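Structure record follows, encoded as structure tokens.
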Amino acid sequence: MGTAWDREVDVLVVGTGAAGLTAAIATADAGRRVAVVESTATWGGTTALSGGGLWMPANPLMLRKGHADSVDKALTYLQAAVGDAGPASSDARRRAFVETVPEVYQTLERLGVAWADAPEYPDYYPDRPGGMIGRGIESEPFDVRRLGPWLETARFRGSTPPVPLKTDDVWLLVRAWSTFSGFVRGARFVFRTLWGFARGKRLHGIGAGLSAHLMSIVTRQGTEVLLNTPLTGLVVEGGAVTGAVVTGADGATVRIRARGGVVIAAGGFARDTQWRQKYHGIPGYTSAADGDLGDPIRIAESAGAQLALMDDAWWGPSVPMPDGSSQFVVSERSMPFSIVVDGSGRRYTNESASYIDFGHAMLARDKTVPAIPSWMIVDARHRRRYLFSALAQGTAKLREAGTVRSADTVEALAVELGIDPATLRATVDRFNGFARGGVDEDFGRGRTAYDNYYGDPRVKPNPNLGALEKGPFTAIKLVPGDLGTKGGLLTDEHARVLDGDGAPIAGLYGAGNSTASVMGRTYPGPGSTIGPATVFGFLAGRHAADRATAA
């Protein structure tokens with residue numbers, strides 16, 4: 001006797017981040033009926049809280065603007081940047097990602113997404129074979145009034161600035177009052193904001209703008225989106241996933257048949273302390289969405305899915321905030337007049353490195369020398385010239401919590417931190433010598449275009465190095481934060497979930513942070529989370545739609 005279904009669709013999508021919404025868009029665009037379920041009361045996932053950039057090599061916009069990229073060049077770079085990272089980053093998956101970029105770009109553009117490039121943003125390893133500048137794109141700011149009633153349940157409401165900020169603005173805005181180029185970009189940003197208000201628009205940029213763009217398409221396509229509706233089980237018949245069990249907002253159990261398949265795109269397990277301790281050895285200091293609890297991954301695993309890269313995450317140094325949240329640190333540690341030290345008062349990595357490399361370095365260092373927390377130490381010029389996002393919210397509570405500490409001298413600051421004053425003094429003196437000479441002989445800070453991107457061009461001879469000489473000196477606590485977890489369901493080049501033998505589980509698909517990343521253990525460029533999430537979400541939706549058509 002078959003399953004008694006409560007309702008039927010062609011494809012069921014679990015999750016409303018970039019991966020889930022794009023999967024739904026691709027399914028509906030193929031003419032099939034799709035429904036989306038979301039476990040929380042808000043839609044948008046971690047995408048809605050993010051910088052909103054997509055790393056999309058050889059995309060049509062950059063090619064139109066004369067950037068000489070290609071599939072082969074991008075694959076060369078991925079090999080150089082990612083290396084051998086196992087089946088999650090197989091040659092077939094890398095090629096599927098790069099070759100599908102133009103179709104995803106053009107489909108979303110046709111359906112209403114306005115794209116913008118970030119022409120100055122480098123790959124994170126620009127000096128490696130195939131590396132270049134300008135592969136990142138983002139959506140233009142979006143008038144969220146166009147969402148109608150869906151605006152009330154947007155995850156970004158109250159969580160991100162309601163302004164038309166773009167990823168490409170950030171690198172200049174952080175020095176808006178210290179360089180002419182930063183001031184000009186700041187003026188342009190203010191004008192863009194005021195012009196939107198003058199026209200009666202509520203423009204949102206970065207991740208909020210991208211998620212709003214995608215949701216506007218989903219609703220125009222007539223797709224049903226059910227909030228407060230978590231996945232509670234998968235229905236497997238004859239070795240194939242034929243549907244799912246969800247709990248409705250009213251608490252009722254609903255069995256949904258999905259003729260083409262179920263797409264798991266519900267994020268990772270960044271907020272699940274049990275799995276974080278099991279796989280990462282820390283409770284987690286994440287910037288991911290509240291619903292990032294890993295339940296859909298567990299459910300798929302119980303249906304035979306293979307997991308990979310569970311011990312990794314999209315790491316990055318973060319400031320632990322008094323409310324229990326974590327503030328990601330990107331540009332601040334790259335600016336001159338700053339260093340990061342471990343609990344012994346010594347540097348241990350290139351402060352300007354990509355955030356995932358910094359996170360890996362912090363975790364590795366802590367195995368031999370206490371480095372959780374680490375301390376970012378800046379002098380008065382850094383505090384005066386550059387924006388520090390975590391401190392912009394006010395330092396009183398941070399000082400009360402011991403997260404921010406200050407002293408007039410390096411030695412006095414060392415005492416505040418419980419560090420040997422002579423050791424910290426020697427560390428600062430050695431770094432100051434590097435700053436004056438322009439070469440970091442220990443860790444190569446300021447050597448690449450990526451390092452320099454968040455530097456200060458006024459500081460010579462190296463825009464990332466500046467001697468720590470002007471008191472008072474401030475120390476800010478850093479912990480290994482993340483943008484989400486990197487491990488999950490192992491999928492193939494069609495976004496089909498694989499079983500323990502490496503064979504596709506018929507009718508089960510995965511994309512985004514619910515899956516093991518095609519980027520392996522690295523972060524090749526700006527938007528290396530959302531770019532692949534969008535592409536593999538698209539591939540999942542299209543393949544599931546074709547399967548429904550064939551059925």
Side-chain angles (χ1 to χ4, degrees), residues 53-60 62-63 67-105 118 121-137 306 308-316 349-350 352-361 364 444 447-451 453 483 486-496 498 502 510-513 515-539:
L54 300 86
W55 191 70
M56 301 283 257
N59 67 76
M62 67 180 297
L63 298 180
H67 294 278
D69 200 8
S70 67
V71 169
D72 288 342
K73 185 175 181 179
L75 291 175
T76 295
Y77 175 65
L78 284 174
Q79 179 58 39
V82 178
D84 182 7
S89 187
S90 66
D91 290 341
R93 275 176 53 77
R94 292 179 190 178
R95 181 169 290 277
F97 165 61
V98 177
E99 289 184 342
T100 309
V101 163
E103 185 179 6
V104 174
Y105 177 101
Y121 212 151
D123 290 341
Y124 289 177
Y125 310 97
D127 55 330
R128 297 186 186 181
M132 62 180 296
I133 297 173
R135 283 173 166 148
I137 62 172
Q306 183 179 168
L309 297 178
M310 293 292 283
D311 61 331
D312 216 341
W314 301 100
W315 302 109
T349 193
N350 169 13
S352 298
S354 71
Y355 25 94
I356 195 167
D357 287 348
F358 195 108
H360 282 144
R447 184 181 60 82
T448 71
Y450 175 73
D451 287 9
Y453 181 74
L483 299 174
K486 187 183 267 277
L489 309 175
L490 184 62
T491 57
D492 68 5
E493 65 272 22
H494 303 294
R496 297 178 296 186
L498 304 180
N513 283 354
T515 63
S517 174
V518 71
M519 299 305 176
R521 298 187 179 279
T522 60
Y523 210 118
S528 290
T529 51
I530 300 178
T534 302
V535 169
F536 282 104
F538 181 91
L539 287 169

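Small disclaimer: the values here were computed from a predicted structure and weren't measured.
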Could you tell me if the side chain of [Y] sits less than 4.5 Å from the side chain of [X], heavy atoms only?
X    : Y    : value
Q79  : R94  : yes
R447 : N350 : no
R93  : T491 : yes
Y124 : T448 : no
I137 : M62  : no
L78  : V98  : yes
W55  : F97  : yes

What residues, two or more places apart in sequence or in another chain, satisfy salt bridge (Lys or Arg N to Asp or Glu O under 4.0 Å) together with [X]?
X    : value
D451 : none
R128 : none
D72  : none
D91  : none

Between [atom1] of [X] and [atom2] of [Y], what distance do you get to the nearest 0.5 Å?
X    : Y    : atom1 : atom2 : answer
K486 : N513 : NZ    : CG    : 9.0 Å
R135 : N59  : CZ    : CG    : 10.0 Å
Y453 : S352 : OH    : OG    : 14.0 Å
H360 : T522 : NE2   : OG1   : 9.0 Å
T100 : M56  : OG1   : CE    : 9.5 Å

Considering all heavy atoms of both residues, which atom of [X] and which atom of [Y] are nearest to each other, and what is their separation?
X    : Y    : answer
R521 : A85  : N-CB, 4.5 Å
A449 : I133 : CB-CD1, 4.3 Å
P60  : P102 : CD-CA, 4.0 Å
A361 : T349 : CB-OG1, 3.6 Å
A308 : A516 : O-CB, 3.5 Å
G537 : A511 : N-CB, 3.5 Å

Practice item. Please report the C-alpha distance between D357 and Y125 in whole Å, then the side-chain angles of each, then the deciding distance to 0.1 Å, and finally whether the side chain to side chain donor-acceptor pair (under 3.5 Å) criterion is met. Key: CA-CA 11 Å; D357 287 348; Y125 310 97; 2.7 Å; yes
Without placing hydrogens or testing angles, list every side-chain donor-acceptor pair under 3.5 Å for residues 523-531, not counting sequence neighbours.
{"from": "S528", "atom 1": "OG", "to": "G525", "atom 2": "N", "distance (Å)": "3.0"}
{"from": "S528", "atom 1": "OG", "to": "G525", "atom 2": "O", "distance (Å)": "2.7"}

Study note, to complete from the structure: H494 meets the ring pair (Phe, Tyr, Trp, His ring centres under 6.0 Å) criterion, sequence neighbours left out, with H543
Check your understanding: Is a side-chain donor or acceptor of K73 paired with a backbone partner of A58 at a separation under 3.5 angstrom?
Key -> no
**Study point:** Criterion side-chain contact (heavy atoms from CB on, under 4.5 Å) on F536 and T515, from CA distance to verdict
**Key:** CA-CA 10 Å; F536 282 104; T515 63; over 6 Å; no
